Colleague: 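Below is one structure. I have some questions about it.
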There are 2 protein chains.
Amino acid sequence: MSPATTRTEGRLYERIANDIRQALATGRYGVSDRLPSERDLAQQYSVSRPTIREAIIALELDGLVEVRTNSGVYVIALQPHGGKLTETDVGPFELLEARRIFEAEICGLAAQMIDDEQVARLRALTVDMESGDLLRAEAADREFHIEIARITQNSAMEKTVSMLWDARMKSPQYALLTGKARAAGIAPRVSEHRRIVAALASRNAETAREAMRDHLGRVIAHLLEATEVEAIERARAEVDAKRRRFGAIG
Amino acid sequence: MSPATTRTEGRLYERIANDIRQALATGRYGVSDRLPSERDLAQQYSVSRPTIREAIIALELDGLVEVRTNSGVYVIALQPHGGKLTETDVGPFELLEARRIFEAEICGLAAQMIDDEQVARLRALTVDMESGDLLRAEAADREFHIEIARITQNSAMEKTVSMLWDARMKSPQYALLTGKARAAGIAPRVSEHRRIVAALASRNAETAREAMRDHLGRVIAHLLEATEVEAIERARAEVDAKRRRFGAIG
DNA sequence: TGTCCATATTGGTCAGGCCAGATTGGAAAG
DNA sequence: CTTTCCAATCTGGCCTGACCAATATGGACA
């Protein structure tokens, strides 16, 4: 009945959870409805009860269903209300654009609230960025942006910034741009970060806002360029492959 | 060994998952470490293997571990990196302040990209807000703000707005402010929403930005007032209770 | 018609088992 | 002594069947 057993990749409970997710999204069940019992579902999907339980736990952790002991599992939402950003397929450029808009404002706010200790901490982070260690530099970069958000003393903003940052890592498209683009994309930008610190230290909201906006704008431009280069290289590789395959013709 | 079996509330897998979470947070394991096998963990916790599997799935969905078939489960993070906003305790005022900053910019952007159809859709939503049905009005309010974010054609912004909105519902402190404040907080604001639509329709970024900023500023002020009223009422109730208790003295 | 209890149902958990693929230690070959 | 390679071992993935306690439910009884 269900097409969940069609594909044969991934763990069983995931496929079943996805199938039920889809059933919820397409209205097969309504809010407050009770799902069939674990035993029934096990029969429907031709799997064991433990597997069904695993799928239900996944749905529960998504906030889609609520399981009442000795009663049943009940629908409490039809779609993953306010789900993690990292679970959706948001492109890297969208993420960066959003960061540019949001973080510019945050930076402007921070400029009005920052104290000397925080300035010092940001300076220390820019030093870390110069570290040869790429991972360390990247961690410092992340911390830099989150620290600025933290200055606003607004945890919602801080959370938002960290979520937008973390979402990038899981972007499938971003995974393609690792290596060169990544290495080149961080190290040289230390001067931009220093400019941001300077603007914050001067307590000038407008300057700080612009410094951040400019920084992320450049990151976008840089990534865009890297993407183009990557696309060209990929195209060339394809041509080469064809040339090898049809050797004589070339 | 582990104190996981101390408390006896909640499902077993949750308690075990929490115990392991804590073990990760306190450094008992490091990133890329391999956890003991499911069988070993089952013994350690004196539970069955299915229960351990459920706990591991919970950790996996948290992005803390990664399970490699036929190899083991490996630590990939020590704490819930960029978790859902709705799972943290962010106060309603922080959320609203963040929305004010972010959505004002988004609205400014949207003003430059909106088309007539979208204007019409927003108008329709303001009509819904006048509905006597409180739930419907609230849903329309939510959709209104998300629709504006959608106009920017940036799913990261759209997601952010919806997350910030949804997070409010789960705020424990917001739950206290239901009823009066909530009812009074939505209905009268239809005119503000109309102003936003008008600004968007005029394609004036600056006006749109200010309209949104003003709107959310008023929401904050209103909620603040409601909170004060509520606090005063609570204080009065307390005094009354004491008065009753120590009757004669009063 | 309304109350109440026996029974079927449901989630929570355990025990044990089979499978296929990854891992690894050590034997055999160089 | 080093390298190669295979088999025993380990690991997660999944199934079957079973017991428990608490909830629902339906029908008997008042």
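Fair warning: this is a prediction, and the values are worked out from it, not measured in the lab. Here is how names work: the chains are called A, B, and so on, in the same order as the sequence lines, proteins then strands, and each is numbered from 1.
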Colleague: With sequence neighbours excluded, what pairs up with B:Arg53 under the salt bridge (Lys or Arg N to Asp or Glu O under 4.0 Å) test?
Modeller: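 With neighbours one apart ignored, the set is A:Glu54, B:Glu38.
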Colleague: Between the side chain of A:Asp33 and the main-chain N/O of A:Gly30, is any donor-acceptor distance below 3.5 Å?
Modeller: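 Side chain of A:Asp33 to backbone of A:Gly30: a pair is present.
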Colleague: Whole-Å distance between D:dG12 P and B:Leu59 CG?
Modeller: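 Value for this atom pair: 13 Å.
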Colleague: In whole angstroms, how far is the P atom of D:dA18 from the CZ atom of A:Arg53?
Modeller: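 Taking CZ of A:Arg53 and P of D:dA18, I get 18 Å after rounding.
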Colleague: Among side-chain atoms of B:Asn18 and B:Arg15, is any donor-acceptor pair under 3.5 angstrom?
Modeller: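 No, no side-chain donor-acceptor pair sits under 3.5 Å.
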Colleague: Which two nucleotides bound the region of DNA chain C that has atoms under 4.0 Å from heavy atoms of chain B, read 5' to 3'?
Modeller: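 First-to-last contact on DNA chain C, by the 4.0 Å heavy-atom rule, is C:dG12 to C:dT23.
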Colleague: To the nearest angstrom, how far is A:Glu54 atom CD from D:dG13 atom C1'?
Modeller: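 A:Glu54 atom CD is separated from D:dG13 atom C1' by 8 Å.
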Colleague: Mind checking what makes side chain to side chain donor-acceptor pair (under 3.5 Å) contact with A:Gln153, not counting sequence neighbours?
Modeller: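 Listed in chain order: nothing, the list is empty.
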Colleague: Residues two or more places apart in sequence or in another chain: which of them pass ring pair (Phe, Tyr, Trp, His ring centres under 6.0 Å) with A:Phe144?
Modeller: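 Expected list: A:His193.
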Colleague: Tell me: CD1 of B:Ile57 to C1' of D:dC14, nearest whole Å?
Modeller: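 About 11 Å, once rounded to whole Å.
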Colleague: Could you go over nucleotides 23-26 of chain D and give all protein N or O partners under 3.5 Å, atom names and distances?
Modeller:
residue, atom, partner, partner atom, Å
D:dA24, OP1, A:Ser71, OG, 3.3

Colleague: Could you tell me the separation between the CZ atom of A:Arg49 and the C1' atom of D:dC20, rounded to a whole number of Å?
Modeller: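 For the pair A:Arg49 CZ and D:dC20 C1', the rounded distance is 11 Å.
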Colleague: I'd like to know if the side chain of B:Asn154 reaches the main chain of A:Glu94, judged simply by a donor and an acceptor atom lying under 3.5 Å from each other, with no hydrogens or angles considered.
Modeller: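 At least one qualifying donor-acceptor pair exists.
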Colleague: Would you state whether a donor and an acceptor, one from the side chain of B:Arg39 and one from the base of D:dG12, lie under 3.5 Å apart?
Modeller: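 Per atom types, the contact qualifies.
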Colleague: Quick one: do A:Arg99 and A:Glu97 make a salt bridge, cutoff under 4.0 Å?
Modeller: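 Looking at A:Glu97 together with A:Arg99, the answer is no, because their closest N to O distance does not fall below 4.0 Å.
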Colleague: From CZ of A:Arg11 over to C1' of D:dG12, roughly how many Å is that when rounded to an integer?
Modeller: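 Result: 9 Å.
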Colleague: Could you state the atom-to-atom distance from CD1 of A:Ile16 to C1' of D:dC15 in whole Å?
Modeller: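 Those two atoms, CD1 and C1', are 12 Å apart.
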Colleague: Salt bridge or not for B:Asp141 and B:Arg189, using N-O below 4.0 Å?
Modeller: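 Looking at B:Asp141 and B:Arg189, the cut-off is not met.
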Colleague: Of all residues at least two apart in sequence or in a different chain, which pass the salt bridge (Lys or Arg N to Asp or Glu O under 4.0 Å) check with A:Arg150?
Modeller: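 Testing A:Arg150 for salt bridge (Lys or Arg N to Asp or Glu O under 4.0 Å), a comparison that skips the adjacent residues, returns A:Glu143, A:Glu147, A:Glu158.
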Colleague: When the nearest nucleotide of DNA chain C is assigned to A:Val67 and to A:Pro50 on a heavy-atom basis, which residue is associated with the more 5' position?
Modeller: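 Nearest-nucleotide comparison on DNA chain C picks A:Val67.
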Colleague: Please report, rounded to the nearest Å, how far the C1' atom of D:dC19 is from the CD atom of A:Glu38.
Modeller: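 Distance check: A:Glu38 CD to D:dC19 C1' gives 15 Å.
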